[in-house]
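See structure below.
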Amino acid sequence: MKTLLPAFILLALGLMASLQAAELVVQKAQDVAPFIGKAPRFTGNVRVDSYYGSKGAHPVSSGLVHFDAGARTAWHTHPYGQVLTISQGCGWVQVDGGKVQQVQRGDVVEIPANTRHWHGASATTAMSHFAFAEAKDGQATQWLEALDDASYHGPTCP
């Protein structure tokens with residue numbers, strides 16, 4: 001698997017470029033309301049506790065997403081890709097046509113630009129991750145159809 005460091009460097013450089021001429025901005029946690037992920041974008045119990053959306057030259061959105069066991073995203077894409085950092089639990093991620101891969105605390109997943117994929121908890125274990133994606137023309141995610149129950153499976157989590 002290729003190194004993920006370049007993705008973080010590019011993300012950081014993009015953020016730095018957009019902030020060079022700007023003032024310091026602190027987005028207070030109490031000013032951002034958590035929300036519940038609902039159909040058709042999510043299946044199962046999903047909570048987004050934190051959200052950040054920059055408005056600079058390289059607008060990046062991020063969220064701390066909690067998936068209960070059995071919960072997952074619908075199929076979706078990101079114009080510039082997505083980076084997931086698994087913060088707790090065990091879950092699954094899959095790109096269209098690829099095999100379902102297990103992810104757990106400490107893993108970092110780099111999803112290429114415009115790649116159809118889904119991610120979420122395993123069928124038996126909750127999972128949380130930080131998600132980062134850069135927006136193009138104001139949109140960071142293109143949501144597609146829900147992942148059907150028959151396609152939702154993967155390796156057993158510890």
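Here the options are L64, I36, V65, the test is side-chain contact (heavy atoms from CB on, under 4.5 Å), and the partner is R47; only I36 passes. The ring pair (Phe, Tyr, Trp, His ring centres under 6.0 Å) test with F42 is passed by exactly one of F35, W118, W143: W143.
Side-chain N or O atoms of D148 include one that pairs as donor or acceptor with a backbone N or O of S151 at under 3.5 Å. With hydrogens and angles ignored, the 3.5 Å screen pairs no side-chain donor or acceptor of S128 with any backbone N or O of Q88. Distance alone, capped at 3.5 Å, is enough to place a donor-acceptor pair between the Y152 side chain and the S122 backbone. Side chain of H78 to main chain of A140: a donor-acceptor pair is present (N/O by atom type, distance under 3.5 Å, no hydrogens or angles).
Residues M127 and L147 do not share a hydrophobic cluster, defined by chaining ILVMFWY side chains whose heavy atoms lie under 4.5 Å apart.
P34 is not listed as a side-chain neighbour of V48, based on a closest heavy-atom distance of 4.5 Å or more. At a threshold of 4.5 Å between non-hydrogen side-chain atoms, the residues C157 and Q104 do not count as touching. At least one side-chain heavy atom of T73 sits under 4.5 Å from a side-chain heavy atom of F67.
Cation-pi check for R116 over W75 is met; the charged atom lies under 6.0 angstrom from the ring centroid and within 45 degrees of its normal.
For the 3.5 Å distance criterion, the side chains of T141 and H76 fail to qualify, holding no donor opposite an acceptor. The closest side-chain donor-acceptor pair between H117 and Q82 falls under 3.5 angstrom.
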